[in-house]
Every structure is written in structure tokens, then in C-alpha cells.
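The block underneath contains the structure these notes are about, expressed in C-alpha cells.
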Amino acid sequence: MKRFISFLFLLHSIFGFSQKTESSILDKEQIKQRELKNLSDFPIYRAYEYQDKGGVFELVLCENQTNKKDTLNTKIQAICGMNDHGGFLEKWRINDLLEDYEPKETNIWFWTKYCSIKDIDGDGYIEPVIVYGTRNENDEIRRVKIITVYKNKKYVIRAVECVLDYCRSFKKDQNWNLLPQKVKTYVDNLVLKLRKEQYLILEDG
């Protein structure tokens, strides 16, 4: 009997506390089926669905595309919500727009190549990492933001690129150290990747 109880405890340890997490990019038909276009006034650039211990979630990345010929955006919006009996319960959102600066910012966009929707620290919950940037009229990257969402709270890195020290900055939120070490290490490695692949400085002046 004791062996049987020990076996049940082992099964519970293996399966009871583990949780499979999944994520996928939704195509146009899936976006239509889930009626996700109603979530924002902006066109959906990319939509994800993911599942973890908290439930099933939809995440839409929207860009307003004011100049469709040049696909330039002046505003972006990310909205994450949970499937709730056929409805949509919003959990968090991100809004941003071009800043008034010289040289003038002309485009803001989601950098989906560097975004991730996965369970980074293995706790059964997915930690979305959203990356977006801006370009100025000289076609130079000016701002980069990396937003990590952990338990529905946002932890942000804000960077401004500039060849001169006085106008360059790289700041992490004051609450940054509240993130699990695995998540911080993942984002720090992402910063290194952005520096290498996009030839960015991403350092304080």
C-alpha cells in the first residue's frame, strides 16, 4: 500500500505541477474566427494565441499604417486578453506613438523578429517579450523598447540611440530586479543580440 501511495505521489509530482505551454501565430482566417479585429481601431500586424496555467490568451500587435504606400506607422498598440466564455477579458495593453524630436521620428513598428511568446523560466506561465522601435527621417533607429510581461505586470527597458553621449540612454525599470533570474538573463541576451545584429549601441551615454 505504501508503495502504491508513493507511486501516486510520484505521478502527481511529475504531472500535477507541470504544465504544457503552447503558442502559435494566427493566420487571417483564425483572426477572423476569433473576431480579434474588434479589439483595436488599428490593423492587426501579428496575432498570437498561447496557453499556459492561466488559461488561453490572444495577443494582437497592431500598427495604424497611416501611409500604406510606405507602410509607415505613427502609433502602435498591443492588446492581450483571455478567452472568457466566448468573450475577451483584457489582461494588459501597450500603447505608443511617435515622439516630437529632431531629427523627426517617422515610423514606429513591432520588431517581431525579436519578440517571443514562451515560458522562459519554466514555471508553467508564458512571459511575453515585446520589442519595438522607431526610425527618424534620416532612416536611423532612434528608440528601442523591450517590454517583458511577467504575471501581467510590465518590466520595461527604454533605450535611445545616439552617436553622441549626451543624447544616448539605456534604462531599466526600477522594478527590474523583481523578475526571476532566468527571465533577466534571457532579456540581457536579447539585448546583446540586438547590438550584434542591428549594430546598436544600447548603452547609457
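Not measured: the values here are computed from a predicted model.
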Using a 3.5 Å distance criterion without hydrogens, assess whether the side chain of [X] forms a donor-acceptor pair with backbone atoms of [Y].
| X | Y | value |
| --- | --- | --- |
| E49 | I25 | no |
| N73 | Q65 | yes |
| D173 | N175 | no |
| D119 | D123 | yes |
| D84 | L89 | no |
| D52 | I126 | yes |
| S40 | F42 | yes |
| D27 | Q30 | yes |

[Y] and [X], any side-chain heavy atoms less than 4.5 Å apart:
| X | Y | answer |
| --- | --- | --- |
| Q33 | K28 | no |
| I130 | F110 | yes |
| K172 | V156 | no |
| K75 | N95 | no |
| I157 | V144 | no |
| I76 | L61 | no |

Say whether [X] and [Y] are linked into one hydrophobic cluster, either directly or through other cluster members, by side-chain heavy-atom distances under 4.5 angstrom.
| X | Y | result |
| --- | --- | --- |
| L178 | W176 | yes |
| I146 | W111 | yes |
| V60 | Y132 | no |
| I108 | I147 | yes |
| I31 | F88 | yes |

Checking side-chain contact (heavy atoms from CB on, under 4.5 Å) for the pair K20/Q51: CA distance, chi angles, key distance, verdict? CA-CA 8 Å; K20 184 179 181 182; Q51 181 174 358; over 6 Å; no
Got a sec: does the [atom1] of [X] have more than 12 other heavy atoms crowding it under 6.0 Å?
| X | atom1 | result |
| --- | --- | --- |
| Q181 | CD | yes |
| D41 | CG | no |
| K37 | NZ | no |
| N189 | CG | yes |

Which distance, rounded to the nearest 0.5 Å, do you find between the [atom1] of [X] and the [atom2] of [Y]?
| X | Y | atom1 | atom2 | result |
| --- | --- | --- | --- | --- |
| E63 | L72 | CD | CG | 10.5 Å |
| Q174 | N177 | CD | CG | 11.0 Å |
| Y150 | E127 | OH | CD | 6.5 Å |

Report the C-alpha distance between L59 and I117 in whole Å, list the side-chain angles of each, state the deciding distance to 0.1 Å, and finish with yes or no for side-chain contact (heavy atoms from CB on, under 4.5 Å). CA-CA 9 Å; L59 169 60; I117 311 295; 3.5 Å; yes
Would you please test T134 and N107 for side chain to side chain donor-acceptor pair (under 3.5 Å) and show each step? CA-CA 5 Å; T134 67; N107 192 21; over 6 Å; no
So S23 and Y48, side-chain contact (heavy atoms from CB on, under 4.5 Å) or not? Walk me through it. CA-CA 7 Å; S23 66; Y48 302 89; 5.8 Å; no
For [X] and [Y], work out which heavy atoms get closest and say how close.
| X | Y | result |
| --- | --- | --- |
| N136 | P103 | ND2-CG, 3.5 Å |
| L36 | A47 | CD1-CB, 4.3 Å |
| P128 | W92 | CG-CZ2, 4.1 Å |
| G54 | M82 | O-CE, 3.0 Å |

Among residues two or more places apart or on two chains, list those pairs meeting salt bridge (Lys or Arg N to Asp or Glu O under 4.0 Å) that have a residue in residues 143-157. D96-R143, D96-K145, E99-R143, E105-R143
Residues passing the side chain to side chain donor-acceptor pair (under 3.5 Å) test with D165, sequence neighbours excluded, are R168
Considering only distance and modelled atom types, tabulate donor-acceptor pairs under 3.5 Å from the side chains of residues 198-205, sequence neighbours left out.
residue	atom	partner	partner atom	Å
Q198	NE2	Y114	OH	2.9
D204	OD1	F170	N	2.9
D204	OD2	K171	NZ	3.0

Given L97 and T74, is the side-chain contact (heavy atoms from CB on, under 4.5 Å) satisfied, shown in steps? CA-CA 6 Å; L97 70 166; T74 60; 6.0 Å; no
Show your reasoning for whether side chain to side chain donor-acceptor pair (under 3.5 Å) applies to T148 and Y186. CA-CA 10 Å; T148 304; Y186 176 88; over 6 Å; no
Under the 6.0 Å and 45° cation-pi test, does R142 pair with Y101? yes
Is the closest basic N to carboxylate O distance between E90 and R93 below 4.0 Å? yes
Does the pair E58/R34 count as a salt bridge with the N-to-O cut at 4.0 Å? yes
Do the ring centers of Y50 and F57 come within less than 6.0 Å of each other? yes
